[in-house]
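Atoms within a ligand are numbered from 1 in the order they appear, just like the ligands themselves.
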Amino acid sequence: MQPGFEPNSNVAELEHLKRAYATQRDAYNAAPFAGEALRRERLEKLRTLLLTHTDEIATAISADFGHRSPHETRSLEVFPSLAGISHALSHLKRWMRVRRRGVSIWFWPASNHVIPQPLGVVGIIVPWNYPLFLAVGPLTVALAAGNRAVIKISEFTPRFGETFRQLVAKYFSEDEVTVVNGGVEVAQVFASQPWDHLLFTGSTSVGKHVMRAAADNLTPVTLELGGKSPTIVHGDYPIDTAAQRILFGKCLNAGQTCVAPDYVLVQEGKEEAFVAAAKAVVARWYPNMASNPDYSRVVNGRHLERLQGYLRDAESKGARVVPLADCDPASGKLAPTLVLGATNEMTVMQDEIFGPVMPVLGYKTLDDAIKLVNDRPRPLALYYFDNDNTRIRKMVSSTISGGVGINETVVHVGQDDLPFGGVGPSGMGHYHGHEGFETFSKMKPVFAQSRLNGLWLMHPPYGKRFERLIKFMMR
Ligand code: NAD
């Protein structure tokens with residue numbers, strides 16, 4: 001801990017959680033439907049908070065990481081958060097519109113509508129890697145949908161958690177939005193509250209605990225989880241461009257990104273060309289890696305040790321470990337490092353890496369590469385580098401993943417008009433943009449009977465009239 005910073009005790013955070021839940025529930029019961037003007041006002045407050053306090057937020061996150069590039073906090077957390085708010089503001093009217101739906105001829109002249117309705121009080125659980133964006137992204141769509149929200153920040157980012165708690169309290173009343181900090185004990189109690197919806201971002205293993213806790217209340221969940229995102233480079237694609245774009249996605253936040261490329265498949269014989277291209281990119285981007293402010297630290301000693309363990313394990317089982325730069329381990333940074341000759345027996349090919357380590361494997365045919373991907377759990381992202389549209393279509397339709405990037409990595413997450421979410425072990429449900437609005441709304445179907453209608457013809461007693469009619473209807 002840095003001097004002068006003492007997080008609140010779990011007891012204090014648990015009290016805050018219970019009070020916040022009760023306050024928001026009462027406020028919701030008193031005013032269950034937030035109109036468009038109120039939703040806009042809340043989104044505008046969130047925007048002002050971000051624009052006014054960017055530096056404080058970046059400083060707090062950097063303190064939690066030991067060092068996190070403030071440029072990356074702006075480009076990967078503050079900017080996409082603001083873009084999401086602007087997108088919600090410009091589409092809010094349309095999203096909130098009551099949708100007219102068709103009526104079967106047998107029920108004419110009744111009418112059908114779908115009315116988006118706020119769910120109520122929602123919970124948002126946030127991981128440490130992008131603590132701002134992964135709190136504000138879900139919050140934006142939750143507020144756009146007219147909800148109240150309680151947010152739980154990770155115990156690994158306590159300084160950000162405290163800064164964000166204070167900022168949210170400055171702009172929002174506790175019955176609108178509030179932030180809870182504290183350890184895993186608090187997170188467990190948080191997941192067991194009877195939220196109207198719970199959005200969890202974090203690891204697949206903790207996601208299972210969250211879903212179990214939510215099941216006791218039948219709380220619907222959106223689970224934004226992790227996994228090993230494969231990256232496939234076709235032999236015809238320029239290897240230098242591929243290396244640059246893959247390294248971009250891998251080096252951001254020192255690889256601590258849920259959609260970072262996890263392992264790379266290149267056509268057999270291209271491995272060394274990829275290594276050379278990757279080395280050149282890193283030398284250009286990060287001279288003096290250890291002291292370079294553009295390259296972030298691994299969040300803590302435990303995660304650094306975990307990543308170094310993957311490298312030791314791979315080396316001891318015969319892989320070649322290639323650091324792409326010199327970096328003094330005392331700096332708390334780990335240089336981007338490739339692993340050649342990795343096999344399924346190595347932990348680096350079993351666990352989600354979540355750091356700047358990247359196995360590079362050779363494949364013979366594209367079908368072999370597709371099979372390798374499909375033999376593994378469904379990933380959060382898949383990246384494919386190729387300029388041939390037929391092969392691109394084949395790759396997209398033969399594999400299943402949370403999302404796909406063609407000839408680029410990571411930035412699909414920042415497309416506000418695309419839904420974001422995993423599939424199977426990488427998650428369930430979607431948010432961002434319109435899909436996020438629907439996730440946090442009850443899309444309520446309403447059937448309205450007409451004053452004059454023929455349904456009385458179907459009423460009992462069931463005699464000849466009923467028989468003739470049902471026969472006609474069932475033709
Ligand atoms: P984590 O699963 O360890 O923790 C996430 C959050 O869950 C934290 O706030 C933590 O306090 C809380 N938590 C811990 N135990 C809990 C429990 N038993 N019940 C309820 N909550 C609990 O994940 P992490 O280490 O913070 O983040 C890294 C993981 O998150 C990686 O797997 C990464 O891929 C994933 N991730 C996914 C996305 C996405 O959008 N899909 C984004 C970022 C990170």
From the candidates [options], the one that places a heavy atom nearest [atom]:
{"atom": "atom 22 (C) of ligand 1", "options": "Ser426, Gly427, Ala187", "result": "Ala187"}
{"atom": "atom 30 (O) of ligand 1", "options": "Cys258, Gly202, Pro127", "result": "Gly202"}
{"atom": "atom 44 (C) of ligand 1", "options": "Thr204, Ile125, Asn129", "result": "Asn129"}

Can you tell me if [atom1] on [X] sees more than 12 non-hydrogen neighbours from other groups inside 6.0 Å?
{"X": "Asp326", "atom1": "CG", "answer": "no"}
{"X": "Arg376", "atom1": "CZ", "answer": "yes"}
{"X": "Lys317", "atom1": "NZ", "answer": "yes"}
{"X": "Tyr171", "atom1": "OH", "answer": "yes"}

Worksheet item: Side-chain contact, heavy-atom cut-off 4.5 Å: His234 with Tyr384?
Response: yes
Item to complete: Report yes if the distance between the aromatic ring centroids of Phe190 and Trp195 is under 6.0 Å, otherwise no.
Response: yes
Worksheet item: Can you check whether Phe164 and His53 have ring centres sitting under 6.0 Å from each other?
Response: no
Proximity to ligand 1 by part of [X], non-hydrogen separation under 4.0 Å:
{"X": "Thr201", "result": "both"}
{"X": "Leu380", "result": "side chain"}
{"X": "Phe156", "result": "neither"}

Protein heavy-atom partner closest to [atom] - residue, atom, separation in Å:
{"atom": "atom 41 (N) of ligand 1", "value": "Leu225 O, 2.7 Å"}
{"atom": "atom 16 (C) of ligand 1", "value": "Val206 CG1, 3.4 Å"}
{"atom": "atom 23 (O) of ligand 1", "value": "Ser203 N, 3.5 Å"}
{"atom": "atom 40 (O) of ligand 1", "value": "Phe420 CE2, 3.2 Å"}
{"atom": "atom 11 (O) of ligand 1", "value": "Glu155 OE1, 2.5 Å"}
{"atom": "atom 8 (C) of ligand 1", "value": "Val126 O, 3.5 Å"}
{"atom": "atom 31 (C) of ligand 1", "value": "Glu352 OE1, 3.5 Å"}

For ligand 1, which atoms sit closer than 4.0 Å to a heavy atom of [X]?
{"X": "Gln188", "answer": "17 (C), 18 (N), 19 (N)"}
{"X": "Trp128", "answer": "24 (P), 25 (O), 26 (O), 27 (O)"}
{"X": "Leu134", "answer": "42 (C), 43 (C)"}
{"X": "Val184", "answer": "15 (N)"}
{"X": "Lys152", "answer": "11 (O)"}

How are the rings of [X] and [Y] set to each other: parallel, tilted or perpendicular (split at 30° and 60°)?
{"X": "Trp95", "Y": "Phe437", "result": "tilted"}
{"X": "His303", "Y": "Trp128", "result": "tilted"}
{"X": "His432", "Y": "Phe420", "result": "parallel"}

Worksheet entry | Within-shell test, Phe200 vs ligand 1, heavy atom, strictly < 4.0 Å | yes
Item to complete: Before accepting this row, confirm whether a basic side-chain N of the pair Glu176/Lys45 lies closer than 4.0 Å to the acidic partner's carboxylate O.
Response: yes
Fill in: ligand 1 N/O within reach of Gly227 N/O, cut-off under 3.5 Å
no
Worksheet item: Just one of Asn407, Thr231, Val233 clears the side chain to side chain contact (heavy atoms under 4.5 Å, CB included) bar with Arg245, so which one?
Response: Asn407
